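Source: prediction; values computed, not measured.
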Amino acid sequence: MPARHLAAAAALVLASAVPAAAAAPAYPYQPAGSTEVPVERGSARLRLPPDLRSALKEDGVVVAGVDAKGRISPRGHSGGGTTLRLTGGAVTNSGGKLGGELRFGKAGLALVATGSGPGGTQSRSSRKSVKVTRFEVDLGHGILTAALHNGTRFTLGTFPRPATRSAVNTKTRSLRVDLTIKATASAARLDAALGTHCFTGHRPLLHARIVASLERSVDVRTALNLGQPRRDADRARTRSVVSGAPVPRMPVSGVPLFR
């Protein structure tokens, strides 16, 4: 074959290969990570911190559970909390932080003024009580909302958003987070209803431990962009090939060589 034909053929091969390499995705099996992963089931253990429980006790207020039908437990919880069943929601990976929303149905907590505080005594019929139900955790914004007994929704508290990698176990398809929730200015509605001064100053309001199972049909690692270290190394190698940079090789000695 004449030399000019060989040169033309080589140029044609290079022209067709370069666009293909440039168009190849650096990490073809890694999505954006904004896919929602539904939760299947789970629960949240809500507990008031000891100093808040002590302040409420001094004002004659006890903490009780409220079931899904709105009935208040006849006995207060010595632990100052309750366990709620997770009824719906989904999680995402938003910038390395956990996103999404978790909903906990109609059950909740009740704050009951027993009349045994410094303000005097009350008859059983005149005791004040405040039901706080329909808890929702907005993981994307770090806020906890709830509904009062009259149906009014309000922002009860805020919390630091947890890191996705520490909260999600991709092997067991599970979610586990521990949140320290601080009261917002809106929590003062509880003081107004009870005649207390316990929910001011952005004090720690609740400790929440949430455990949930994630949708079994979803590839959690891919959906939440939680790639394995091996894949991350492959990604860096692919980028080096596309850019034409030297690719380090690791010999038996462990000292990187460049080809």
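- Partners of Thr164 by side chain to side chain donor-acceptor pair (under 3.5 Å), not counting sequence neighbours, listed by chain and number: Asn93.
- Closest approach of Leu175 and Leu214 over heavy atoms only: CB-CD2, 4.3 Å.
- Listed for the Arg53 side chain is a donor-acceptor partner under 3.5 Å among the backbone atoms of Leu48.
- Considering only residues two or more places apart in sequence or on other chains, His202 meets the side-chain contact (heavy atoms from CB on, under 4.5 Å) condition with none of them.
- The CG atom of Leu86 sits 8.0 Å away from the CD1 atom of Ile210 when rounded to the nearest 0.5 Å.
- Contact between Thr35 and Thr92 at its shortest, heavy atoms only, is O-CG2, 3.9 Å.
- Inter-residue side-chain proximity for Arg173 and Val168 is flagged as unmet; no heavy-atom pair is nearer than 4.5 Å.
- Two residues are said to be in side-chain contact when any heavy atoms from C-beta on lie closer than 4.5 Å; Leu56 and Phe199 meet this criterion.
- Without hydrogens or angle criteria, Arg165 side chain to Leu226 main chain gives no donor-acceptor distance under 3.5 Å.
- Phe104 and Ala44 make their closest contact through CE2-CB, 3.4 Å (heavy atoms, listed as atom of the first residue, atom of the second, distance).
- Asp178 pairs by the salt bridge (Lys or Arg N to Asp or Glu O under 4.0 Å) definition with Arg209, not counting sequence neighbours.
- Smallest separation of non-hydrogen atoms from Val130 and Ala193: CG2-CB, 3.4 Å.
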Query raised in the report: So Leu46 and Thr83, side chain to side chain contact (heavy atoms under 4.5 Å, CB included) or not? Walk me through it.
Result: CA-CA 6 Å; Leu46 303 181; Thr83 299; over 6 Å; no
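- At least one side-chain heavy atom of Arg221 sits under 4.5 Å from a side-chain heavy atom of Asp219.
- Residues satisfying the salt bridge (Lys or Arg N to Asp or Glu O under 4.0 Å) criterion with Arg176, sequence neighbours excluded, are absent altogether.
- In terms of hydrophobic clustering, with Ile, Leu, Val, Met, Phe, Trp and Tyr side chains grouped at heavy-atom distances under 4.5 Å, Leu102 and Val211 are assigned to different clusters.
- With rounding to the nearest 0.5 Å, the separation of OG1 in Thr87 from CZ in Phe135 is 12.5 Å.
- Residues Ser213 and Val39 have side chains not in contact (no heavy-atom distance under 4.5 Å, counting atoms from C-beta outward).
- Applying the salt bridge (Lys or Arg N to Asp or Glu O under 4.0 Å) test to Glu40 and every residue at least two apart in sequence or in another chain returns Arg216.
- Atoms OG and CG, on Ser43 and Leu84 in that order, are 8.5 Å from each other to the nearest 0.5 Å.
- Under the side chain to side chain donor-acceptor pair (under 3.5 Å) criterion, Arg41 pairs with no residue at all, not counting sequence neighbours.
- With a 4.5 Å cut-off on side-chain heavy atoms, Val61 and Thr196 count as touching.
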**Report entry** Verdict with reasoning, Cys198 to Asp191, per side chain to side chain contact (heavy atoms under 4.5 Å, CB included)
**Finding:** CA-CA 7 Å; Cys198 299; Asp191 281 329; 4.0 Å; yes
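- In this structure, the side-chain contact (heavy atoms from CB on, under 4.5 Å) partners of Ala90, at least two apart in sequence or on a different chain, are Glu36.
- In this structure, the side chain of Arg153 engages the main chain of Arg134 through a donor-acceptor pair within 3.5 Å.
- For Arg103, the salt bridge (Lys or Arg N to Asp or Glu O under 4.0 Å) partners two or more places apart in sequence, or in a different chain, are Glu101.
- In terms of heavy-atom proximity, Phe154 sits nearest to Leu190 at CZ-CD2, 4.4 Å.
- In this structure, the side chain of Thr114 engages the main chain of Gly60 through a donor-acceptor pair within 3.5 Å.
- Looking at residues two or more places apart in sequence or on another chain, you find no side chain to side chain donor-acceptor pair (under 3.5 Å) involving Thr133.
- Lys171 pairs by the side-chain contact (heavy atoms from CB on, under 4.5 Å) definition with Asn169, not counting sequence neighbours.
- Under the 4.5 Å side-chain contact rule for hydrophobic residues, Leu205 and Leu148 share a cluster.
- With rounding to the nearest 0.5 angstrom, the CG atom of Asn225 is 11.5 Å from the OG atom of Ser94.
- At a threshold of 4.5 Å between non-hydrogen side-chain atoms, the residues Asp138 and Thr145 do not count as touching.
- Two residues are said to be in side-chain contact when any heavy atoms from C-beta on lie closer than 4.5 Å; Leu144 and Thr158 fail this criterion.
- The two residues Pro204 and Leu52 make their nearest non-hydrogen contact at O-CD2, 4.1 Å.
- Of the possible donor and acceptor atoms, one in the side chain of Lys131 sits under 3.5 Å from a partner among the backbone N and O of Gly70.
- Looking only at side-chain heavy atoms (C-beta outward), Val66 and Leu109 stay at 4.5 Å or farther from each other.
- With sequence neighbours left out, the side-chain contact (heavy atoms from CB on, under 4.5 Å) criterion links Thr152 to Asn150, Arg189.
- Asp67 has no carboxylate O lying under 4.0 Å from a charged side-chain N of Lys106, or vice versa, which leaves the two without a salt bridge.
- With rounding to the nearest 0.5 angstrom, the CG atom of Leu139 is 4.5 Å from the CG atom of Leu98.
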All N/O donor-acceptor pairs, side-chain side in residues 179-186, below 3.5 Å, sequence neighbours left out:
{"unit_1": "Thr184", "atom_1": "OG1", "unit_2": "Thr155", "atom_2": "O", "d": "2.5"}
{"unit_1": "Thr184", "atom_1": "OG1", "unit_2": "Ser186", "atom_2": "N", "d": "3.3"}

